[in-house]
Colleague: 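Have a look at this one.
Counting starts at 1 for both ligands and their atoms, in listed order.
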Amino acid sequence: MNILVLGSGGREHTFAYKIAQSDLCDSLFVAPGNAGTATIATNVPIAVTDFHTIKELVIEKNIKMVVVGPEDPLVKGISDFFKNDSELKDIVVIGPSKEGAQLEGSKEYAKEFLFRHNIPTAAYQSFTTETIEEGKKFLETLTSPYVLKADGLAAGKGVLILQDIDEAKAELENMLTNKKFGAASEKVVIEEFLDGIELSVFVLTDGKNYLTLPTAKDYKRIGEGDTGLNTGGMGAISPVPFADHTLMTKIEERIIKPTVEGLAKENIDYKGFIFIGLIKVGDDPKVIEYNVRMGDPETEVVLPRVKTDLVQLFQHVGNQSLSKINLELDQRSAATIVTVSGGYPETYEKGKEITGIDTIIDSIVFHAGTSLENGKVVTSGGRVLAITSFDEDFRKALKISYQNIEKLNFDKMYYRKDLGFDL
Ligand code: AMP
Ligand code: GLY
């Protein structure tokens, strides 16, 4: 079978890496891909939201399965585009319908879904420019810190956590009236602050059945000790050491099952990943957010631990027969560390030559922001490489990745040296 992966980050390199290992895969294409995917697949320079050109490629190359990496094409309805096209309707698309993708595309939609299905989450109310004064009054009923969320997609930047009530009111004004996050903040969700430790669970569902994939924890802040600006993610480990059997049973019963059942009950077409951001408050898990895709860099630790053939899993998603699968996992821990361009997540330079990748043998180097220029691998994004290692002990896995990063070099390379510090 010929397969297409959409996206160009570390997540998509990891998908391509696993798919390329499958006997079920004949030709693998990645659009647009990066220098890493170019070594195992054919990169095609098509944007992930250019559905018409994607269709042309799918037909020309006889592609039978499309794996959607990022949320953007999902929220824009790529699954529906395939389903409603007579030439594309039988192609397996891994990624939910436009309606299902609203779980990530709108914070308010997600909160309403959570409440409809009695899934534990923070109390909230949502506001628009018309109800800004009520929003300020609602803030007064809460205690510091205050959580303000732009309703729509804001490239991971739409959540503000503020200590001071006046600052919270000013930011509410800024988001609604001044459209701080553009159209994404035409509506703002104000939430109760939840105090606890975060983890993520990943679910693969065919709309009826589901498999719980390994848990992971990522490190979002740029600075050591979880300080500074938020990034897409500076590293991750899997499994999460504190996600024991008791906690996982609660997560499964109170969160995963009602989520999948809720989607089915509401006839929401959902074949793909659900990435559930959780916070453990005391002994109880609560949902912070849904994403309708895998995480990045979480994918770089979750998928390498899945031993079951990924293409086979996806075929079962397509046929709604996931219940037939017994998921086989590597019981070792995996850790990944992301090297980034100096300056990220603010402005940074691109086009820096990367050396040392070929010298690494006991870690997997997943490319994120890289491209090929005159046969050389150069930086082309903020997050550049993710270095994944395994060991029985996650601390040792981290150590192996750290040792291997020493062999890598590009101008102004930066990475956090403290991953796992909080565990
Ligand atoms: P989100 O984009 O919804 O994942 O939010 C980004 C980050 O903000 C999360 O990873 C949490 O660290 C934090 N956060 C979001 N909602 C809350 C909340 N209700 N209480 C505490 N922290 C939160
Ligand atoms: N690492 C967080 C995300 O993928 O949303």
Colleague: Is the contact between V159 and ligand 1 made by the side chain, the backbone, both, or neither, using heavy atoms and a 4.0 Å cut-off?
Modeller: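 Only the side chain of V159 comes within reach of ligand 1.
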
Colleague: Check the pair T121 / I119 against side chain to side chain contact (heavy atoms under 4.5 Å, CB included), numbers first and verdict last.
Modeller: CA-CA 6 Å; T121 187; I119 301 169; 6.0 Å; no

Colleague: Please list, in number order, the atoms of ligand 2 under 4.0 Å from a heavy atom of G232.
Modeller: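 Counting from 1, the qualifying ligand atoms are 1 (N), 2 (C).
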
Colleague: May I ask you to list the atoms of ligand 1 that are less than 4.0 angstrom from any heavy atom of E198?
Modeller: 9 (C), 10 (O), 11 (C), 12 (O)

Colleague: Using a 4.0 Å cut-off to any heavy atom of K107, which atoms of ligand 1 qualify?
Modeller: 1 (P), 2 (O), 3 (O)

Colleague: Classify the contact between R293 and ligand 2 as side chain, backbone, both or neither, using a heavy-atom distance cut-off of under 4.0 Å.
Modeller: side chain

Colleague: Go through the steps for Y210 and E252 under the test side chain to side chain contact (heavy atoms under 4.5 Å, CB included), then give the verdict.
Modeller: CA-CA 11 Å; Y210 68 89; E252 177 123 24; 2.5 Å; yes

Colleague: Show which atoms of ligand 1 fall inside a sub-4.0 Å distance from at least one heavy-atom site of I288.
Modeller: 3 (O), 15 (C), 16 (N)

Colleague: By number and element, which atoms of ligand 2 are closer than 4.0 Å to a non-hydrogen atom of G295?
Modeller: 4 (O)

Colleague: Against heavy atoms of F275, which atoms of ligand 2 measure under 4.0 Å?
Modeller: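 Atoms satisfying the 4.0 Å criterion: 3 (C), 4 (O), 5 (O).
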
Colleague: May I ask you to test the T379-Y348 pair for a side-chain heavy-atom distance under 4.5 Å?
Modeller: no

Colleague: If the contact criterion is a heavy-atom separation under 4.0 Å, does I161 count as touching ligand 1?
Modeller: yes

Colleague: Checking the N or O distance criterion of under 3.5 Å, is ligand 2 in contact with E298?
Modeller: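 Yes: some nitrogen or oxygen of E298 is under 3.5 Å from one in ligand 2.
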
Colleague: So does E349 get a backbone contact from the side chain of K412, meaning a donor-acceptor N/O pair under 3.5 Å?
Modeller: no

